[in-house]
There are 2 protein chains.
Amino acid sequence: MTAVLVVDDDPHLLRALRITLQAHGYDVTTAADGHSALLAATQHPLALVILDLGLPDLDGTSVIRELRTWSRVPVLVLSARHGSEDKVEALDAGADDYITKPFGLDELLARLRALLRRSADPDQEPVVTTDAFTVDLEKHRVTRDGQDIRLTPTEWKMLEVLVRNPEKLVTQQQLLSEVWGPAYAKETNYLRVYMAQLRRKLEPETAAPRHLITEAGIGYRFLP
Amino acid sequence: MTAVLVVDDDPHLLRALRITLQAHGYDVTTAADGHSALLAATQHPLALVILDLGLPDLDGTSVIRELRTWSRVPVLVLSARHGSEDKVEALDAGADDYITKPFGLDELLARLRALLRRSADPDQEPVVTTDAFTVDLEKHRVTRDGQDIRLTPTEWKMLEVLVRNPEKLVTQQQLLSEVWGPAYAKETNYLRVYMAQLRRKLEPETAAPRHLITEAGIGYRFLP
DNA sequence: GCTGATCTTGACGAATCCTTGACGCCTGTT
DNA sequence: AACAGGCGTCAAGGATTCGTCAAGATCAGC
């Protein structure tokens, strides 16, 4: 369960947030002032902190700064103050987001999801996986059975265009123009040669490809 | 240098943002519509994308969704629309932050800093080890069999760029521009000479390197 | 101004990659 | 049944890129 700490000195708002967040499946703890917030943050691991800036005991940005000395937990700031100095100060103190009251609950929840999404699994890369091979577009890498597959520059470019358009049909002209340049729109030979090359390197059964599909007369298609 | 892509169809705003961001030390590229934005994002690695939702060709959230199929780059959305449905839709499509026009430049810059701070690789180990040698990025030191290896300044810079991007392909242009400067993008001779130098000093079998890998026609890659 | 280290430059085989054309298969058409 | 067009396959050559070396240019420290 995702643990969220809500810090606010307004009991009504605190209660409303608690109920809403719990209804959306979050595990909520609350605090009404800066000191107990910092204390609560040390008690058990948190996935996120929602922090009101107007606390009775401590300046809100001090809380963030204190927290940041030992934690990287995402902090979403609530504040009644619209001034941009306040926002800049809080964000530079270490906050990750800042919304002003009054705010929509659906917006709060969406921002919360965005923060959690980013902090979740930092080394989860955008890799496209099939049952036969995986393509890591960021690292520029193709693996199959855990082993690196070596692709030539042209092979890679072609695979890249297809993988960036999953399930979509990529026309021959589109492929030729993106890989070889707009002037090569009629060299469909290239496509046949390189598609065969890719299939030989990537498809378990070269003769019956399941991921690099030919659409006769039109183009090709990548299926994850 | 931090690379930022700004996408907006308003030339004035585009220009203003470009100037402001450049004045704050960012490396700015721009795009005026969704297709060229997606294309630009494939060209060279980006640290952040600032995206206007009101584009002439594509729906803004479609751009985010498309981008998210292969990239985790932080996206900050600009929009003239204050409605919370728009915000929720964009954030759930994969955006990381959302601010409405008109906005203060200092707030934009603060949110940008917050996003970059969070996406900065936190667990970049200062010491990278392979079975043949060890690189200490903090102490600026390379050891092999317990002994210090002397590297010239250029050798070190090149090794550093590669080691900071483990397993990732670093293009020739990227290497040349980070080590010698952007003007040297065609002096691929340098790369060959210095890569040979590094391999001679670091690889047990210079002829069959296992950590400093060549990707013919594209660049090089460091494998731990 | 000298010396040693470092960087640049050019040249050369070796390795890799791209292009090209030929051939056979399959499919749908005449 | 014959045919034509599109596709997959293969291999040879030609073109590009890579690794290597060494000589000259440049720089830093003394």
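First the proteins, then the strands, lettered A, B, ... as listed; each starts at 1. Computation of the quantities below employed the complete heavy-atom set of this structure, encompassing side-chain atoms and omitting hydrogens, waters and symmetry-equivalent molecules. Please read all numbers here as calculations on a predicted model, not as lab measurements.
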Salt bridge or not between [X] and [Y]? Use side-chain N to carboxylate O under 4.0 Å.
X	Y	value
B:Lys157	B:Glu178	no
B:Arg81	B:Asp86	yes
A:Asp136	B:Lys168	no
A:Arg221	A:Glu167	no
B:Lys87	A:Asp106	no

Check the distance between [N]'s [atom2] and [X]'s [atom1] and give it to me in whole angstrom.
X	N	atom1	atom2	value
A:Glu187	C:dT19	CD	P	9 Å
A:Arg200	D:dG8	CZ	P	13 Å
A:Trp180	C:dC17	CH2	P	15 Å
A:Lys201	C:dT16	NZ	P	11 Å
B:Leu151	C:dA5	CG	C1'	14 Å
A:Tyr190	D:dC7	OH	C1'	17 Å
A:Leu176	D:dC7	CG	C1'	14 Å
A:Ile213	D:dC7	CD1	P	14 Å

Mind telling me whether A:Phe133 and A:Phe222 have parallel, tilted or perpendicular rings, with 30° and 60° as the class edges? tilted

Note the angle between the end axes of the helix from C:dG1-D:dC30 to C:dC17-D:dG14, five pairs defining each, rounded to 10 degrees. 30°

So, for A:Trp180 and A:Tyr194, is the gap between ring centers shorter than 6.0 Å? yes

Below the 4.0 Å mark, does C:dC18 have OP1 or OP2 next to a side-chain nitrogen or oxygen of A:Tyr194? yes

Does C:dT16 have OP1 or OP2 sitting under 4.0 Å from an N or O in the side chain of A:Thr152? no

Expected rows: protein N/O vs nucleotides 14-19 of chain D N/O, under 3.5 Å:
unit_1, atom_1, unit_2, atom_2, d
D:dC18, OP1, B:Gln172, NE2, 2.9
D:dC18, OP1, B:Gly217, N, 3.1
D:dG19, OP1, B:Arg199, NH2, 2.3
D:dG19, OP1, B:Thr214, OG1, 2.5
D:dG19, OP2, B:Tyr220, OH, 3.0
D:dG19, N7, B:Arg192, NE, 3.2

Is the number of heavy atoms from other residues, nucleotides or ligands under 6.0 Å of A:Glu205 CD greater than 12? no

Just checking A:Arg150: base, sugar-phosphate only, or nothing, at a heavy-atom cut-off of under 4.0 Å? nothing

Applying the salt bridge (Lys or Arg N to Asp or Glu O under 4.0 Å) test to B:Asp96, which of B:Arg72, B:Arg68, B:Arg118 qualifies? B:Arg68

